[in-house]
Amino acid sequence: MDFSTSPILPLATSTAEFAEFTPQENLWVKLREPLSDFSSDEALLLCKEADGQWVSWVPDFGVAVLGRHQYYRLEK
């Protein structure tokens, strides 16, 4: 099941969280849901794997392939 086009999005704390952006290498993003109970809710995009998917590093989890629907721009 492909959730990348799902119209249901979690509540945002600001409109900037869902602002359109172009994912790129070395960009920190905010995960919509942590990958485990113990992992961070942020990830570092390492390199593009396929259309809409990125190899990423998640603190306290490790390397994961994330789909575009799993994260949004992190404002720091």
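The closest side-chain heavy-atom distance from Trp28 to Trp57 is below 4.5 Å. Taking the side chain as every heavy atom from C-beta outward, Leu31 and Glu42 never approach each other to under 4.5 Å. Counting heavy atoms from C-beta outward, Asp51 and Arg68 have side chains that stay 4.5 Å or more apart. Contact check for Phe21 versus Leu27: side-chain heavy atoms found under the 4.5 Å cut-off. Between Leu35 and Leu66 there is a side-chain heavy-atom pair separated by less than 4.5 Å.
Summarising the geometry, atom CD belonging to Gln70 is positioned 9.0 Å from atom CD belonging to Glu33; distances are rounded to the nearest 0.5 Å. Residue Ser56 holds its OG atom at 11.0 Å from CD of Glu25, rounded to the nearest 0.5 Å.
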Checklist entry - Given the rule in the side chain to side chain contact (heavy atoms under 4.5 Å, CB included) test, do Asn26 and Leu45 qualify, once you have shown the distances and angles that lead to the verdict? => result CA-CA 5 Å; Asn26 297 318; Leu45 302 180; over 6 Å; no

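Listed here is the closest heavy atom pair of Ser40 and Val58: O-CG1, 3.8 Å. In terms of heavy-atom proximity, Arg32 sits nearest to Tyr71 at NH2-O, 3.6 Å.
Legend: residues meeting side chain to side chain contact (heavy atoms under 4.5 Å, CB included) with Ser36, ordered by chain and number and at least two apart, are Phe38, Ser39, Phe61. For Val65, the side chain to side chain contact (heavy atoms under 4.5 Å, CB included) partners at least two apart in sequence or on another chain are Glu49, Gln53, Val55.
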